[in-house]
Every structure is written in C-alpha cells, then in structure tokens.
Amino acid sequence: MNELVKKDSSEIATQTVVSDATTMLGMIGNMSSSPDCDIDKVERLMVLQFKMQDKENERAFNIAMSEAQAGMGIIIKNKWNGQTKSSYADSAAVISAITPVYTKHGINLSFDSGKAIKGIIPIVCYVSACGHTREYHYDSPITDKGIKGTVMMTQAHARGS
C-alpha cells in the first residue's frame with residue numbers, strides 16, 4: 001500500500017510493510033485472547049517476536065547506513081597546518097559535508113563521554129536509525145602538549161579538544 005505524505009511542501013512516498021514480527025504479534029494477540037491460553041507459550045513467543053523485530057530493525061539500520069555511506073563524497077581539505085606542512089579538512093567542513101547525507105537516511109548521532117582515567121577519556125557515539133542503535137567507542141588521550149612536546153593549552157582546553 002503506497003501513500004503520499006505532504007511535508008514542508010515536498011511529497012514523500014511511504015510504504016506500509018507487514019513484517020514477520022508484525023504477523024507474529026498478531027498471532028500472539030489472537031492466542032492471548034483465548035480462554036485456553038498457555039501464558040508460558042505466549043511469553044516465549046513474545047521473546048521470539050522481540051528478537052525478530054530487533055533483527056528487522058538491525059537489517060533496516062544496515063541498509064540505511066550503507067545508503068548513507070554510498071552517498072558520501074570526498075571531503076575537501078580546507079585548512080593548512082603550517083607546523084606539519086599539510087592540508088586537512090576541519091571539523092566544520094566534515095560536519096557540513098556528512099550531516100545532510102546521514103540525516104537524509106534517518107540516521108542520527110549522539111555523543112557522550114565517561115570519566116577520564118589515567119589521561120584517557122572514553123568517547124562514545126550512539127548511531128541510531130530504524131529502531132536500532134549501534135555504539136562506537138574511542139578512548140582519546142588527553143594531552144595539553146603540541147608536536148614539539150611543549151604545553152600549548154590548559155587541561156580544561158585539552159579535555160574539550
């Protein structure tokens with residue numbers, strides 16, 4: 001069943017999909033309404049239904065991620081580092097290049113950090129789409145020194161950067 005939805009003056013095609021997990025949920029609903037219902041069996045079927053839905057969500061997540069990655073191009077290096085004599089793309093260039101692509105595919109990111117231990121701060125990125133979330137972890141050293149080994153920022157600045 002296809003429908004057209006109006007959003008911000010643009011038309012978006014949506015499709016209603018009946019999944020195996022949805023079918024299973026209907027079957028469980030029918031079973032549980034019977035007076036002869038075996039509640040243990042219903043509970044086991046519910047666990048199976050949740051697992052099936054999780055797998056479907058993960059599959060849809062992987063498709064969205066693959067499509068987003070296919071849509072990303074090369075990010076133009078827009079800055080020059082005189083110390084290392086190399087060009088690089090600053091974070092603003094990276095963010096402005098990739099954000100429209102991954103959000104177009106329903107992917108969102110959120111970040112968190114943990115308590116720094118022995119000069120290392122754990123960073124986690126939660127990547128979510130289609131009812132599925134994947135965590136990516138990066139343990140980042142906190143350093144206040146530049147390439148010559150001299151202090152170039154405060155500890156607060158070092159943690160933030």
Side-chain angles (χ1 to χ4, degrees), residues 1-25 47-161:
M1 166 185 195
N2 285 332
E3 301 172 57
L4 288 179
V5 179
K6 279 256 192 201
K7 182 178 179 185
D8 300 330
S9 304
S10 63
E11 293 183 353
I12 301 168
T14 62
Q15 190 171 27
T16 304
V17 178
V18 177
S19 67
D20 290 338
T22 304
T23 303
M24 173 77 83
L25 192 56
V47 168
L48 179 60
Q49 190 273 335
F50 286 131
K51 286 180 182 179
M52 290 172 64
Q53 187 63 57
D54 286 345
K55 278 307 225 185
E56 288 180 16
N57 291 350
E58 183 179 14
R59 181 177 176 277
F61 172 95
N62 289 335
I63 290 168
M65 181 64 81
S66 179
E67 290 173 351
Q69 289 171 340
M72 291 186 192
I74 296 171
I75 300 172
I76 304 300
K77 296 177 180 178
N78 64 338
K79 297 290 182 178
W80 177 256
N81 184 331
Q83 261 187 324
T84 61
K85 297 183 178 29
S86 62
S87 57
Y88 65 97
D90 67 1
S91 58
V94 173
I95 291 167
S96 67
I98 67 171
T99 301
V101 180
Y102 69 74
T103 56
K104 174 183 172 186
H105 294 282
I107 298 170
N108 65 75
L109 311 178
S110 62
F111 296 88
D112 199 2
S113 62
K115 182 179 179 182
I117 299 171
K118 296 182 183 176
I120 303 290
I121 186 164
I123 308 289
V124 63
C125 176
Y126 300 96
V127 181
S128 300
C130 310
H132 181 76
T133 299
R134 190 169 293 155
E135 294 180 23
Y136 294 91
H137 297 266
Y138 174 71
D139 290 336
S140 178
I142 300 173
T143 182
D144 57 359
K145 295 176 179 55
I147 60 172
K148 294 180 182 177
T150 56
V151 173
M152 60 177 243
M153 62 182 92
T154 68
Q155 284 292 307
H157 182 193
R159 180 178 162 85
S161 75

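Model, not experiment: these values are computed from the prediction. Hydrogens, waters and symmetry mates play no part in the numbers below; they use all other heavy atoms, side chains included. In what follows, residues are counted from 1 in the order of the sequence shown.
Side chains of His137 and Ile123 form no contact here, defined as non-hydrogen atoms less than 4.5 Å apart.
The list of side chain to side chain donor-acceptor pair (under 3.5 Å) pairs with a residue in residues 59-69, not counting sequence neighbours, reads Asn62-Arg134. Sorted by first and then second residue, the ring pair (Phe, Tyr, Trp, His ring centres under 6.0 Å) pairs with a member in residues 47-81 read Phe61-His132; sequence neighbours excluded. The list of ring pair (Phe, Tyr, Trp, His ring centres under 6.0 Å) pairs with a residue in residues 99-122, not counting sequence neighbours, is empty.
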Checking side chain to side chain contact (heavy atoms under 4.5 Å, CB included) for the pair Tyr126/Leu109: CA distance, chi angles, key distance, verdict? CA-CA 6 Å; Tyr126 300 96; Leu109 311 178; over 6 Å; no
May I have the step-by-step check of side chain to side chain contact (heavy atoms under 4.5 Å, CB included) for Met65 and Ile107, ending in yes or no? CA-CA 7 Å; Met65 181 64 81; Ile107 298 170; 4.2 Å; yes
Walk me through it: do Gln49 and Met52 pass the test side chain to side chain contact (heavy atoms under 4.5 Å, CB included)? CA-CA 5 Å; Gln49 190 273 335; Met52 290 172 64; 5.6 Å; no
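Among residues two or more places apart in sequence or in another chain, the side-chain contact (heavy atoms from CB on, under 4.5 Å) test is passed with Thr103 by Thr99. For the side-chain contact (heavy atoms from CB on, under 4.5 Å) test, no residue two or more places apart in sequence or in another chain qualifies with Ser96. Remark: Thr133 pairs with Ser128 by the side-chain hydrogen bond (donor to acceptor under 3.5 Å, both in side chains) rule, at least two apart or across chains. Under the rule for a side-chain contact (heavy atoms from CB on, under 4.5 Å), the partners of Lys51 that lie at least two apart in sequence or sit in another chain are Val47. Here Asn78 pairs with Asp90 under the side-chain hydrogen bond (donor to acceptor under 3.5 Å, both in side chains) rule; sequence neighbours left out.
Contact detail for Gly106 and Ala129: the closest heavy-atom pair is O-CB, 3.5 Å. Scanning all heavy atoms of the two residues, the minimum distance from Ile75 to Ala97 falls at CG1-CB, 3.9 Å.
Atom CD1 of residue Ile142 and atom CD1 of residue Ile121 lie 5.0 Å apart, to the nearest 0.5 angstrom.
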Return all side-chain donor-acceptor pairs below 3.5 angstrom for residues 82-89, not counting sequence neighbours, or 'none' if the list is empty.
{"residue": "Thr84", "atom": "OG1", "partner": "Asn81", "partner atom": "ND2", "Å": "3.4"}
{"residue": "Thr84", "atom": "OG1", "partner": "Ser86", "partner atom": "OG", "Å": "2.7"}

